Trainee: 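I have a structure I would like to understand better, so I am pasting it below and will then ask my questions one at a time.
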Number of protein chains: 2
Amino acid sequence: MTRRRQDSDVCGVTAAIAVVDGKWKTALLWLLESGPHRPAELRRRLPGLSEKVLTEALREMAADGLVHREVYDVLPPKTVYSLTAFGRELAEALAPLSDWGHRRLERLAEAARPAS
Amino acid sequence: MTRRRQDSDVCGVTAAIAVVDGKWKTALLWLLESGPHRPAELRRRLPGLSEKVLTEALREMAADGLVHREVYDVLPPKTVYSLTAFGRELAEALAPLSDWGHRRLERLAEAARPAS
DNA sequence: CTGTATCCGGCGCGATACTG
DNA sequence: CAGTATCGCGCCGGATACAG
């Protein structure tokens with residue numbers, strides 16, 4: 001996504017996208033929507049996502065109130081991330097956008113097809 | 001927004017955000033929603049937006065089928081950009097996200113307030 | 001396994017100057 | 001007024017090594 005790190009703005013869309021800005025956050029939101037996950041699991045699901053970037057993304061999402069970070073003080077270390085109510089609301093607000101995106105993908109697919 | 005320039009993905013949200021990726025596209029979408037506009041007018045409304053970046057953004061949005069570019073071959077040059085039906089659908093799909101964003105902004109505002 | 005610390009390349013975007 | 005051409009900075013994100 002875009003480099004949406006913004007200035008002071010009062011646009012709701014901008015304020016919302018700012019929070020899912022970054023290459024992986026939407027995917028993380030989607031994965032966490034199906035239930036709590038541990039970091040290792042998330043990385044397994046998202047090939048190419050490095051530890052550093054994952055941690056950064058989750059920390060920012062936590063700071064934004066989208067996810068909850070539960071730390072168990074045991075050995076080996078165990079941490080579980082889950083969606084907050086606020087995060088779930090965001091996921092729901094994203095649904096219409098998802099529909100539109102799928103329509104766009106269909107368009108692209110049929111545009112790639114030579115003759116219909 | 002994020003650097004969402006995507007690889008092959010099947011996520012609708014990603015496909016949608018890819019199209020409004022960039023610092024100004026959501027604002028342009030919003031402005032064009034109220035009717036056709038000429039470049040100079042758009043720049044007047046969006047302080048800080050350079051000619052180059054504006055042209056790039058509009059061209060990309062046109063390529064994505066969001067806006068229509070109407071060129072009048074006169075002097076001085078005249079060009080008018082307007083939203084396509086597809087673009088308007090996107091704007092509508094963005095509405096819930098806008099609502100969520102405003103709720104987030106309210107949160108931030110009251111969090112900044114010392115005592116309630 | 002979870003998380004931190006650096007280094008560095010790529011590119012989005014802003015500034016500026018110029019053309020038709 | 002609409003659009004193009006360069007140049008360069010800032011910062012996100014990938015790679016790697018290391019710590020608890």
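For clarity, every value in this text was computed on a predicted model and none was experimentally measured. All heavy atoms count here, side chains included; hydrogens, waters and symmetry mates do not. Proteins get letters first, then strands, A, B, ... in listed order; numbering begins at 1 in each.
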Trainee: Name all residues meeting the salt bridge (Lys or Arg N to Asp or Glu O under 4.0 Å) criterion together with Arg59(B); count only those two or more places apart in sequence or in a different chain, and write none if there are none.
Mentor: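 Per chain and number, Arg59(B) pairs via salt bridge (Lys or Arg N to Asp or Glu O under 4.0 Å) with no residue.
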
Trainee: When you measure from the side chain of Lys23(B), which nucleotide among dG3(C), dG14(D), dG14(C) comes out closest?
Mentor: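 Among dG3(C), dG14(D), dG14(C), the one nearest the side chain of Lys23(B) is dG14(C).
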
Trainee: Tabulate below the donor-acceptor pairs under 3.5 Å that side-chain atoms of residues 75-94 of chain A make, not counting sequence neighbours, or state none.
Mentor:
from: Tyr81(A); atom 1: OH; to: Arg69(A); atom 2: NE; distance (Å): 3.0
from: Thr84(A); atom 1: OG1; to: Gly65(A); atom 2: O; distance (Å): 2.7
from: Thr84(A); atom 1: OG1; to: Leu66(A); atom 2: O; distance (Å): 3.0
from: Thr84(A); atom 1: OG1; to: Phe86(A); atom 2: N; distance (Å): 3.4
from: Thr84(A); atom 1: OG1; to: Gly87(A); atom 2: N; distance (Å): 3.1
from: Arg88(A); atom 1: NH1; to: Leu83(A); atom 2: O; distance (Å): 3.2
from: Glu89(A); atom 1: OE1; to: Arg103(B); atom 2: NH1; distance (Å): 2.6

Trainee: If you compare all heavy atoms of Lys25(B) against all heavy atoms of Val20(B), which two are closest, and at what distance to 0.1 Å?
Mentor: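 The pair with the smallest heavy-atom distance is CB-O, 3.8 Å.
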
Trainee: Could I get the full list of side-chain hydrogen bond (donor to acceptor under 3.5 Å, both in side chains) partners for Glu56(A), not counting sequence neighbours?
Mentor: none

Trainee: So which pairs with a foot in residues 28-79 of chain B pass ring-ring contact (aromatic ring centres under 6.0 Å, His included), sequence neighbours left out?
Mentor: none

Trainee: Taking all heavy atoms of Leu58(A) and all of Val67(A), pick out the closest pair and write down the distance.
Mentor: O-CG2, 3.7 Å

Trainee: Show the numbers, then the answer: is there a side-chain contact (heavy atoms from CB on, under 4.5 Å) between Trp100(A) and Val19(B)?
Mentor: CA-CA 11 Å; Trp100(A) 187 93; Val19(B) 119; 4.0 Å; yes

Trainee: How close do Val13(B) and Ser98(A) get, heavy atom to heavy atom, and via which atoms?
Mentor: CG2-CB, 3.7 Å

Trainee: Quick one, which residues of residues 28-36 of chain B touch DNA chain C with a heavy atom under 4.0 Å?
Mentor: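 Close to the strand, none.
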
Trainee: Do any side-chain nitrogens or oxygens of Thr79(A) fall under 4.0 Å of OP1 or OP2 in dG3(C)?
Mentor: yes

Trainee: Can you give me the closest heavy-atom contact between Leu49(B) and Arg43(B), atom names plus distance?
Mentor: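 Taking Leu49(B) first and Arg43(B) second, the nearest heavy atoms are O-NE, 3.3 Å.
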
Trainee: Using the salt bridge (Lys or Arg N to Asp or Glu O under 4.0 Å) criterion, which residues pair with Arg107(A)? Sequence neighbours excluded.
Mentor: none

Trainee: Please list, in numerical order, the residues of residues 61-77 of chain B that have a heavy atom closer than 4.0 Å to any atom of DNA chain D.
Mentor: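 Contacts with DNA chain D under 4.0 Å: Arg69(B), Pro77(B).
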
Trainee: For Glu41(A), enumerate each residue passing the salt bridge (Lys or Arg N to Asp or Glu O under 4.0 Å) test, keeping only those at least two apart in sequence or located in another chain.
Mentor: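 Glu41(A): salt bridge (Lys or Arg N to Asp or Glu O under 4.0 Å) contacts with Arg44(A), Arg45(A).
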
Trainee: Using a strict heavy-atom distance below 4.0 Å, which residues from residues 40-56 of chain A are in contact with DNA chain D?
Mentor: Lys52(A), Val53(A)

Trainee: Just report the end-to-end axis angle for the helix from dC1(C)-dG20(D) to dG20(C)-dC1(D), five pairs per end, to 10 degrees.
Mentor: 30°

Trainee: Do any N or O atoms from the side chain of Arg104(B) and from the backbone of Ala16(A) form a donor-acceptor pair under 3.5 angstrom?
Mentor: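 Flag not set: sc Arg104(B) to bb Ala16(A) has no pair under 3.5 Å.
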
Trainee: Taking the side chain of Arg38(A) as heavy atoms from C-beta outward, which of dG3(C), dG3(D), dT2(C) is closest to it?
Mentor: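 Nearest listed nucleotide: dT2(C).
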
Trainee: Nearest-Å distance, CG (Leu58(B)) to P (dC1(D))?
Mentor: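 After rounding, the gap between these two atoms is 16 Å.
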
Trainee: Please enumerate all residues that pass side-chain contact (heavy atoms from CB on, under 4.5 Å) together with Ala27(A), with sequence neighbours excluded.
Mentor: Leu46(A)

